[in-house]
Novice: 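One structure coming up, written as structure tokens, with questions to follow.
As the structure is a prediction and not an experimental result, all values here were calculated from the model.
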Amino acid sequence: MVEWTDAERTAINFVFTKLDYDSVGPESLSRCLIVYPWTQRYFGGFGNLYNAEAILSNPMIAAHGITVLHGLDRALNNMDDIKNTYTQLSELHSEKLHVDPDNFRLLADCLVVVIAGRLGTDFTPEMQAAFAKFLSVVVSALGRQYH
Amino acid sequence: MSLSGKDKATVKAFWAIASKKGDEIGAEAMGRLLHVYPQTKTYFSHWTDLSIGSAPVKNHGKIVIGGLSDAVANIDDLLGGLLTLSELHAFQLRVDPTNFKILSHNILVVLAIMFPKEFTPEVHLSMDKFFAAVALALSDKYR
């Protein structure tokens, strides 16, 4: 079980209370597809991904970005057992979606960059550390059912 | 993943703006590197103070950003332009190349914080590619 200090829990909760899902979700997923274009391989049915503007204005990508971001809620609400919280989602990403788990890390990095941009200097190094730890636990849990 | 003409132009234009706050970027990025990824502290055991905002951290941040400015000036020939730094990293510093990625990530985070308007997805893409190209040049002589 992952140990969280009170300061870490506070920092992580703070990030989520400030999170505008409808804006951060779409931007994070869009940045992932723009900065790491090979990730587009999983979005063949999502319409026009031809260039950055197309991706940023694509409503299917935006909707999916929001969905993915809300996927983090279950970890937030189960911080003492994130590992098992993602069993089914891990199976889904492995068996049905066939997503290389490396991609979870790429999206997580983009999410940190976007949140840093939104929170500015409020996103202190301590907050970054706690949030990065949180995301790495989620990423690890999502990769657990791969075989 | 080589730098296109567009990447180079984007990097030069953005760096012209960002480098004016180079010292701040360097200090913040180094501080976050050491704090968020504490395994990186292993390279700095000879420093008296590794805390955020300390003199050695700020000073080193300045050196790193200076190196990146050099890289921007030599963007058309990173291998040649960064030869001395490459040998330094290969034979003396021997920093594991994974850490270049970690530092790059932290610089991107700081750029997002300090330049929220200018750090667009396109700039993010070109800067990330640029840092990767610099890392490749720095580790060129490793083996």
Novice: Quick check: closest heavy atoms across B:Pro121 and A:Ile34, and the distance to 0.1 Å?
Specialist: CB-CD1, 3.7 Å

Novice: Heavy-atom distances under 4.5 Å only: say whether A:Ser30 touches chain B with side chain, backbone, both or neither.
Specialist: neither

Novice: Which pair of non-hydrogen atoms, one from B:His105 and one from A:Val112, has the smallest distance, and what is that distance?
Specialist: NE2-CG1, 3.9 Å

Novice: Any side-chain heavy-atom pair from A:Glu126 and B:Ile52 closer than 4.5 angstrom?
Specialist: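 In contact.
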
Novice: Does B:Ile63 share a hydrophobic cluster with B:Val72, counting links as ILVMFWY side-chain heavy atoms below 4.5 Å and allowing steps through other members?
Specialist: no

Novice: If Ile, Leu, Val, Met, Phe, Trp and Tyr residues are connected whenever their side-chain heavy atoms lie under 4.5 Å apart, and connections chain through other members, are A:Leu76 and A:Val24 in the same group?
Specialist: yes

Novice: Is there a path from A:Tyr42 to A:Leu97 through hydrophobic residues (I, L, V, M, F, W, Y) whose side chains come within less than 4.5 Å of each other?
Specialist: yes

Novice: Above 12 or not: heavy atoms from other molecules or residues under 6.0 Å from NZ of B:Lys8?
Specialist: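 Correct, the count exceeds 12.
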
Novice: Heavy-atom distances under 4.5 Å only: say whether B:Met114 touches chain A with side chain, backbone, both or neither.
Specialist: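 No part of it gets close to chain A.
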
Novice: Same cluster or not: are B:Leu83 and B:Leu136 linked, directly or through other Ile, Leu, Val, Met, Phe, Trp or Tyr residues, by side-chain heavy atoms under 4.5 angstrom apart?
Specialist: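 B:Leu83 does not cluster with B:Leu136.
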
Novice: Is there a continuous path of hydrophobic side-chain contacts, each under 4.5 Å between heavy atoms, that joins B:Leu79 to B:Phe131?
Specialist: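 They do not share one cluster, since no chain of ILVMFWY contacts under 4.5 Å joins B:Leu79 to B:Phe131.
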
Novice: For B:Val109 and A:Val113, work out which heavy atoms get closest and say how close.
Specialist: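 Taking B:Val109 first and A:Val113 second, the nearest heavy atoms are CG2-CG2, 4.2 Å.
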
Novice: Please flag which part of B:Ser126 lies under 4.5 Å from any non-hydrogen atom of chain A: side chain, backbone, both or neither.
Specialist: neither

Novice: Could you tell me which portion of A:Leu56 (side chain, backbone, both or neither) has an atom closer than 4.5 angstrom to a non-hydrogen atom of chain B?
Specialist: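 The side chain, not the backbone.
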
Novice: Taking every heavy-atom pair that is under 4.5 Å apart, which of A:Asn51, A:Thr124, A:Ile55, A:Thr121 has the most such pairs with chain B?
Specialist: A:Thr124

Novice: Indicate the atoms forming the closest heavy-atom contact of A:Ala132 with B:Val36, along with that distance.
Specialist: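 Closest pair (atom of A:Ala132, atom of B:Val36, distance): CB-CG1, 4.0 Å.
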
Novice: Which distance, rounded to the nearest 0.5 Å, do you find between the CD1 of B:Ile113 and the CZ of A:Arg118?
Specialist: 13.5 Å

Novice: Any chance OH of A:Tyr50 has more than 12 other-residue heavy atoms, nucleotides or ligands included, within less than 6.0 Å?
Specialist: no

Novice: Answer yes or no: are there more than 12 heavy-atom neighbours, outside A:Lys133 itself, under 6.0 Å from its atom NZ?
Specialist: yes

Novice: Looking only at non-hydrogen atoms, find the nearest pair between B:Asp128 and A:Tyr36 and report the distance.
Specialist: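 Looks like OD2-CE2, 3.4 Å.
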
Novice: Pick whichever of B:Arg32, B:Lys129, B:Met127 has the most heavy-atom pairs under 4.5 Å with chain A.
Specialist: B:Arg32

Novice: Check each atom of B:Pro116 against the heavy atoms of chain A and say whether the ones under 4.5 Å are side chain, backbone, both or neither.
Specialist: side chain

Novice: Please report the shortest heavy-atom distance between A:Ala52 and B:Glu122, naming the atom on each side.
Specialist: CB-OE2, 3.5 Å

Novice: Near B:Lys62 NZ, under 6.0 Å, is it more than 12 heavy atoms from other residues, nucleotides or ligands?
Specialist: no

